[in-house]
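These notes concern the structure reproduced below.
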Amino acid sequence: MSGSVSTNMRVKLPVFCFLLQGITILLFAVFVRYDTETDASAWHEEMKNHNLTNADNDFYFRYASFQDVHTMIFIGFGFLMTFLKLYGFSSVAFNFLIAAFGLQWSTLIQGFFHGFSNGKIHVGIESMINADFCTGAVLISFGAVLGKTSPVQLIIMTLFEVTLFGINEFIILNIVGAKDAGGSMTIHTFGAYFGLIVSRVLYRPHLDKSRQREGSVYQSDLFAMIGTIFLWMFWPSFNSAITAHGDDQHRTVMNTYYSLAACTLATFAMSSLLNGEGKLDMVHIQNAALAGGVAVGTSGEMMLTAFGAMIAGTVAGIISTLGYKFLTPVLDSKLKIQDTCGVHNLHGMPGILGAVIGAIVTCTATADIYGDGMEDVFPLIFEGKRTASSQAIYQIVALVVALGFAIIGGAIVGFILRIPIFGSPADTQCFEDAIYWEVPEEDGHTHVIVNSDDHEQQTQA
């Protein structure tokens, strides 16, 4: 990855952006149409035929959750990654770029699997939420390669990962028949391990030449905490956004709420415990405190109970903090996985934990506990097609499917991203805004000069 590289984006970035946007617009023109609740004629006909009012439109039930999820995607994830002291522009803006393309492409990919009828994809508020979910998985992967990839590489990664996400999600939800409303498996596990494998394939043996820029400063960590707080506040909406109305959505919000709270206390406790002087590490607080939301992504809509959610959150906080302290350095030095944001600790391990918790809670599902609510949470058990035990096995099968797609897909996409035309930065120029941005003159920034021949580069302090 080191040596003479071509990072000039003047032609590459416009070509890829316009090309992919043009293709997307064409596909939208051919396939995408408003759904019944969005189309002017169809909705008014629906109101007449079923004695409905505008207040019955799903928009009014889902839009608040959509806004919360949207805020998480663009502000939460974006600012969470601003901890790098010289990579703030790229952290927020490349997050913006990935999400803007990802939500369009995922509308198409998910639409072909979930909203395709009569040769058309029908979109509404729920498809917008699902598109944001898919984008969230890509942003998790982005965290693993943060600072080491070009914007063109990130767009190409989004193109392929969104496609794989749609296939993986369809298999897990529709063929395996697993439950995963908050995406512990489909979003967090898949996104984390996909990104980790891409990072491994893009391994930089001489990244130590850029390590001095990988750290944070006081202000960058403070900005990152803004992302943490936004994610923490809105995570109950993320887990509950597409669950069934009524008790299911209410229960998911509550379980996530208590899991996050317990996870935060566990994170503070572990961070202090692991430091010889008892001081807190901001990296732990920024990230591990969110693991409780991941850990109840699968089981949130189930009858987990409030104290069960607290146990899940506590365990998630403990393992996530331990991961940042002990596992991340091992991944880097032994397995050659350079995980910039520690997505393995925030999304990977808690995602697997969430899948296991979901399987355990599924085993306890009985008619006495769920009553008629079984139809919403476990429709196959309600219909007598599966027992609670068999459904739990399928939950684990879904986890294996997610890991398989992440590992194999990440490896393939990683090798694609190694193609030199995509403008990967050299080992000496990682974690640096100035290689891709016009950066205001400030002390501490390294300014990168790209020669007109687009092949040689110099750096000056």
| task | Could you pull out all residues at least two apart from F133 that satisfy ring pair (Phe, Tyr, Trp, His ring centres under 6.0 Å)? | result | F238

| query | Taking only residues two or more places apart in sequence, or in another chain, which ones meet Q21 in a side chain to side chain donor-acceptor pair (under 3.5 Å)? | reply | Q104

| field | Partners meeting ring pair (Phe, Tyr, Trp, His ring centres under 6.0 Å) with H284 (sequence neighbours left out) | value | none

| query | With a 4.5 Å limit on heavy-atom distance, are the side chains of L86 and F431 in contact? | reply | no

| query | Which heavy atom of G292 sits nearest a heavy atom of C263, and at what distance? | reply | N-SG, 3.2 Å

| task | Write out all pairs satisfying side chain to side chain donor-acceptor pair (under 3.5 Å) with one or both partners inside residues 128-143, taking only residues at least two apart or from two chains. | result | H70-D132, S141-E161

| Should the ring pair F190 and F194 be called parallel, tilted or perpendicular, given that the plane angle runs from 0 to 90° and is split at 30 and 60? | tilted

| note | Distance col, row L159:CG vs I98:CD1, nearest 0.5 angstrom, shows 12.5 Å

In residues 351-358, what donor-acceptor pairs under 3.5 Å come from side-chain atoms, sequence neighbours left out?
none

| query | Can you name the salt bridge (charged side-chain N to carboxylate O under 4.0 Å, His left out) partners of E277, sequence neighbours left out? | reply | K279

| message | So that I know where these two stand, are F89 and Y436 an aromatic pair - ring centroids less than 6.0 Å apart? | response | no

| query | Are the side chain of K120 and the backbone of V30 linked by a donor-acceptor contact shorter than 3.5 Å? | reply | yes

| query | If you take all heavy atoms of F415 and V201, which pair is closest and at what distance? | reply | N-CG1, 3.5 Å

| query | By ring pair (Phe, Tyr, Trp, His ring centres under 6.0 Å), which residues pair with F112, not counting sequence neighbours? | reply | F31, F116

| request: Fit a plane to each ring of H188 and W235, take the angle between them on a 0 to 90° scale, and name the class: parallel (under 30°), tilted (30 to 60°) or perpendicular (over 60°). | output: parallel

| message | Going by the rule salt bridge (charged side-chain N to carboxylate O under 4.0 Å, His left out), which residues pair with D58 if we only count those two or more places apart in sequence or in a different chain? | response | R62

| request: Just jot down the side chain to side chain donor-acceptor pair (under 3.5 Å) partners of T228, sequence neighbours excluded, or say none. | output: none

| message | Strictly distance-based, threshold 3.5 Å: is any side-chain N or O of Q153 a donor or acceptor partner for the main-chain N or O of S150? | response | yes

| Under 3.5 Å, is there a donor-acceptor pair between the side chain of S199 and the main chain of V145? | no

| field | salt bridge (charged side-chain N to carboxylate O under 4.0 Å, His left out) partners of R211, counting only residues at least two apart | value | E214, D332

| note | Tightest non-hydrogen contact, residues P14 and M9, listed as CD-O, 3.1 Å

| message | I'd like to know whether NE2 of H250 has more than 12 heavy-atom contacts from other residues, nucleotides or ligands below 6.0 angstrom. | response | no

| Neighbour count >12 (heavy atoms, 6.0 Å) for atom CZ, F101 | yes

| field | salt bridge (charged side-chain N to carboxylate O under 4.0 Å, His left out) assessment of K209 paired with D427 | value | CA-CA 6 Å; K209 296 177 180 179; D427 291 343; over 6 Å; no

| field | Residues in salt bridge (charged side-chain N to carboxylate O under 4.0 Å, His left out) contact with R200, at least two apart in sequence or another chain | value | none

| ring pair (Phe, Tyr, Trp, His ring centres under 6.0 Å) with Y258: which residues, sequence neighbours excluded? | none

